[in-house]
Amino acid sequence: MQPKVIITCAVTGNLTTRENHPGLPVTPEEIANACLEAADAGAAIAHIHVRDPETAKPSMELKHYREVVERIRAKNNALILNVTTGPGGRYHPSDENPAVAGPRTTLMRPEKRVEHITALKPDIATLDLNTMTFGNEVVINTPANVKIMAEIINAAGSKPELEVFDTGHIVLAQDLMKAGVLTSPAMFTIVTGVKYGFPSTTDVMATAARMLPRDAVWTGFGVGRMSFPMAMQAYLLGGHVRVGLEDNSYIAKGVLAKGNGELVERARDLIEKLGGQIAGPSEAREILGLAA
């Protein structure tokens, strides 16, 4: 069992809406405050997406990322910042001609998806390895594009967080490590509960964890009602945990969470009841091999 457990809080994500949770942080100020709240509750890492403040829709605007980072750093220099590069990979085949992109397509050049990483140089940058059905669309992360993004993330001095949704994504990571594109020890996140990816079961998470390189540091989580069960399963299997409004809006069946802080508090309480100890940001940096 790992001596210290890192809690990551994914505060807003890409798909959760205010219909799911009326308190979902949307503006840069709200997102920054949610990260600070999560840190106060025990999270060592904040996983950050940004939204258009007017429409609440997912955004890739550098100015929004910059404002979030600057607001956090003005009050907390210790919190580890994990900034997404996930948006920009979705393809919606139009009904008339599947070869023509439909209106929900966000697909863009890989260099564009990591411009904010080059500019802001966060501690960690998410690198999704999934090409898969996602809702009614397809997420496309080809090996060539992943390689380009990984090289830019590495050049920025950020650590790639390799998000894997199925077994083939772990094999892709292994191939990229053999090619020298990704370095060891790597940081993985095992995502469960996304339809057509890993289901949220003990056997599947254990299998995924066994497939990872032996020296990998990994986090696991589940989507929706399996958020806390899979977070605790990750801890029991030797991994770290992630919670937050990106993944789950509820603190209990039918009871909306007050916010990200309450979700982190619940995860911390459960870990400590199982005999674990929470890693602070400096301890998490040491575990992950990040600069102090």
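The model shown is predicted, which means the values in this text are computed figures rather than measured ones. All residue numbers in this chain count up from 1 along the given sequence.
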Would you check if there is a donor-acceptor pair between the side chains of [Y] and [X] at a distance under 3.5 Å?
| X | Y | value |
| --- | --- | --- |
| R113 | N141 | yes |
| E37 | N260 | no |
| T85 | D128 | no |
| T17 | N20 | yes |

[X] side chain to [Y] main-chain N or O, any donor-acceptor pair under 3.5 Å?
| X | Y | result |
| --- | --- | --- |
| T16 | L245 | yes |
| R66 | V69 | no |
| R51 | V26 | no |
| T106 | P87 | no |
| N97 | A99 | yes |
| T219 | T189 | no |

Parallel, tilted or perpendicular: which fits the ring planes of Y65 and H116, with parallel below 30° and perpendicular above 60°?
parallel

Please step through salt bridge (charged side-chain N to carboxylate O under 4.0 Å, His left out) for the pair K147 and E151, ending with a clear verdict.
CA-CA 6 Å; K147 179 177 183 291; E151 289 171 342; 2.7 Å; yes

Same hydrophobic cluster for I190 and I287, using side-chain heavy-atom links shorter than 4.5 Å among ILVMFWY?
no

Is the shortest side-chain heavy-atom distance between [X] and [Y] below 4.5 Å?
| X | Y | answer |
| --- | --- | --- |
| H47 | T84 | yes |
| V83 | T126 | no |
| I45 | C9 | no |
| R90 | T105 | no |
| E246 | N14 | no |
| N154 | P160 | yes |
| L263 | F228 | yes |
| P185 | P213 | no |

side-chain hydrogen bond (donor to acceptor under 3.5 Å, both in side chains) between S59 and D52: does it pass, once the steps are laid out?
CA-CA 5 Å; S59 172; D52 183 307; 5.9 Å; no

What's the verdict on salt bridge (charged side-chain N to carboxylate O under 4.0 Å, His left out) for E163 and R242, showing C-alpha distance, side-chain angles and the deciding distance?
CA-CA 12 Å; E163 288 205 356; R242 172 174 138 172; 3.3 Å; yes

Carboxylate-amine/guanidinium contact [X] [Y], below 4.0 Å:
| X | Y | answer |
| --- | --- | --- |
| K63 | E67 | no |
| E30 | R18 | yes |
| D95 | R104 | no |

E272/R268 under salt bridge (charged side-chain N to carboxylate O under 4.0 Å, His left out): CA gap, chis, key distance, verdict
CA-CA 6 Å; E272 291 176 342; R268 178 174 188 160; 3.0 Å; yes

Tell me, with the steps shown, if R109 and E111 meet salt bridge (charged side-chain N to carboxylate O under 4.0 Å, His left out).
CA-CA 5 Å; R109 289 183 58 83; E111 295 89 347; 3.1 Å; yes

